[in-house]
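Below is one structure, written out as structure tokens; comments come after it.
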Amino acid sequence: MFFNNQIVLITGASSGIGEALSYAFSKQNATLLLCARNEQELLRVKSNITTRCEIFVCDITNYLSVDVMISSILLKYQKIDVLVNNAGMSQRALAFETEFRVDEKIMNLNYLATVYLTKKVLPVMISQKKGNIIVISSISGKFGFWQRSAYAASKHALQGFFETLQIELREYNINTLLVCPGGVKTNISKNALGKDGTPHGTMEALQLKGMSPESLAMKVLHASARGKKQLLAGQAEVFLYYIKKWFPWLFFKIVENVKGR
Ligand SMILES: NC(=O)c1ccc[n+]([C@@H]2O[C@H](COP(=O)([O-])OP(=O)(O)OC[C@H]3O[C@@H](n4cnc5c(N)ncnc54)[C@H](OP(=O)(O)O)[C@@H]3O)[C@@H](O)[C@H]2O)c1
């Protein structure tokens, strides 16, 4: 088991993909450090975990809380072997209707908070000369799509940041895996922000018909253990990535006709 006895910090562990990743790492006998804002949901996830596990109620956009979380982890465990940057939220509103504070909120969580946390963990991994960073980006980090301007922008930003880290960290034996899933069956579309910042509240077909978080989690662990740098996972959305790459004119013809569905 590749992650046996490793210390794994997962953000957004209270639901969806983060929850499934927590169970997958637990099956590998890892020690789980679960971070999210909702304490009840974190406790529920923890109750399903059989290996050593601790919860951290932390809003990662609150940098002081992140500092406190990392300090207490290092005091107790002295190391972090795996950082899973998973916490994030999506958007469902046209760009010209979306209030700027919504753009800020999505960018703050999906991009800036992820970078802040990573920069807190990197010195530890560099001194260990060992580590795995897993970033749950999105296929929206590869192309723009209806009603996801801020979301796609934040995930494109992650691509730029972590691709650079992949290059810079090679000599420190730290692998960075950028995960770009298409639709996954979670509450992401329900929790997505509308134009005024209120939750969209709708479970969309992309999620309902999407892959299970458990099957994505298995692929993620497998890819990270093998030192892969990128994982594209999904159905038709992944084909769109290749269509954009090789036939950009066809990509725009297809997505312009989707009209936000
Ligand atoms: N589902 C999909 O179709 C899909 C596709 C591609 C990529 N993704 C990405 O996968 C990741 C996980 O999403 P999901 O699908 O599992 O959706 P989800 O069920 O809504 O999970 C989002 C997680 O992020 C946490 N979170 C939100 N704001 C936070 C904050 N300020 N501080 C700490 N944690 C926070 C939430 O926990 P609390 O509310 O308890 O804080 C929750 O655990 C996201 O980055 C998303 O962009 C999802």
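Counting convention: from 1, in listed order, for ligands and their atoms alike. Only this structure's heavy atoms are used, side chains among them; waters, hydrogens and symmetry mates stay out.
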Quick one: which ligand 1 atoms are inside 4.0 Å of a heavy atom on I136? 9 (C), 10 (O), 11 (C), 45 (O)
Sub-4.0 Å atoms of ligand 1 with respect to non-hydrogen atoms of G88: 22 (C), 24 (O), 44 (C), 45 (O)
Is the contact between K190 and ligand 1 made by the side chain, the backbone, both, or neither, using heavy atoms and a 4.0 Å cut-off? neither
With heavy-atom distances below 4.5 Å as the criterion, would you say the side chains of F2 and Q28 are in contact? yes
Below 4.5 Å, heavy atoms only, C-beta onward: do I174 and K130 meet side chain to side chain? no
Enumerate the atoms of ligand 1 whose separation from the nearest heavy atom of P181 is less than 4.0 angstrom. 5 (C), 6 (C), 7 (C)
When you measure from the heavy atoms of Q207 to every atom of ligand 1, does any distance fall below 4.0 Å? yes
In the protein, which heavy atom is nearest to atom 46 (C) of ligand 1, and how far is it? I188 CD1, 3.4 Å
Below 4.0 angstrom from a heavy atom of D59, which ligand 1 atoms are there? Numbered from 1 as shown, please. 30 (C), 31 (N), 32 (N)
Looking at the rings of F143 and Y241, which for Trp means the six-membered one, are their centres under 6.0 Å apart? no
Is any side-chain heavy atom of V220 less than 4.5 Å from a side-chain heavy atom of L21? yes
Below a 4.0 angstrom heavy-atom separation, can you tell me which part of I139, side chain or backbone, both or neither, approaches ligand 1? neither
Within a strict 4.5 Å, meaning less than it, do heavy atoms of the V8 and D81 side chains meet? no
Heavy atom of the protein closest to atom 34 (N) of ligand 1 (residue, atom name, distance): A87 CB, 3.6 Å
For atom 42 (C) of ligand 1, find the nearest protein heavy atom and state the residue, atom name and distance (0.1 Å precision). S15 OG, 3.4 Å
Could you please spell out the steps behind the salt bridge (Lys or Arg N to Asp or Glu O under 4.0 Å) verdict for K46 and E54? CA-CA 7 Å; K46 185 183 173 192; E54 195 171 336; over 6 Å; no
Return the orientation label for the Y116 and Y63 ring planes: parallel under 30°, perpendicular over 60°, tilted otherwise. parallel
Which atoms of ligand 1 sit under 4.0 Å from any heavy atom of G183? 3 (O)
With a 4.0 Å cut-off, would you call E204 and R92 a salt bridge? yes
Element-labelled atoms of ligand 1 that are located less than 4.0 Å from some non-hydrogen atom of Y151: 6 (C), 7 (C), 8 (N), 9 (C), 46 (C), 47 (O)
In this structure, atom 32 (N) of ligand 1 is nearest to the protein heavy atom I60 N, 3.0 Å
So which heavy atom in the protein is nearest atom 44 (C) of ligand 1, and how far is it from that ligand atom? N86 O, 3.2 Å
Less than 3.5 Å between some nitrogen or oxygen of L109 and one of ligand 1, yes or no? no
Given the options M89, M203, Q207, I188 meets side-chain contact (heavy atoms from CB on, under 4.5 Å) only with Q207
Distance filter under 4.0 Å to G16 heavy atoms, resulting ligand 1 atoms: 16 (O), 19 (O)
Do any N/O atoms on M89 end up under 3.5 angstrom from N/O atoms on ligand 1? no
Return the residue, atom name and 0.1 Å-rounded distance of the protein heavy atom closest to atom 7 (C) of ligand 1. S137 O, 3.1 Å
Can you get from F161 to V179 by hopping between Ile, Leu, Val, Met, Phe, Trp and Tyr side chains that sit under 4.5 Å apart? no
For atom 43 (O) of ligand 1, closest protein heavy-atom neighbour: S14 OG, 2.8 Å
Checking heavy atoms under 4.0 Å, the part of C58 that sits near ligand 1 is backbone
Does ligand 1 come near enough to I17 that some N or O of the ligand is less than 3.5 Å from an N or O of the residue? yes
So do the side chains of K142 and Q159 get within less than 4.5 Å of each other, counting heavy atoms only? yes
Does any non-hydrogen side-chain atom of S14 lie less than 4.5 Å from one of E19? no
Residue-level breakdown please: for K155 versus ligand 1, do any non-hydrogen atoms fall below 4.0 Å on the side chain, on the backbone, on both, or on neither? side chain
Does a sphere of radius 6.0 Å around CZ in R170 hold more than 12 heavy atoms from other residues, nucleotides or ligands, not counting ones at 6.0 Å or beyond? no
Measure from atom 4 (C) of ligand 1 to every heavy atom in G182, S138, S90, G234 and give the option owning the shortest one. G182
What protein heavy atom is closest to atom 1 (N) of ligand 1, reported as residue, atom name and distance in Å? T186 OG1, 2.9 Å
Heavy-atom distances under 4.0 Å decide this one: backbone, side chain, both or neither, for N191 against ligand 1? side chain
Within a radius of less than 6.0 Å around NZ of K253, do more than 12 heavy atoms belonging to other residues, nucleotides or ligands occur? no
Count I, L, V, M, F, W, Y as connected when their side-chain heavy atoms are under 4.5 Å apart, and connections chain through other members. Are L9 and V45 then in the same cluster? no
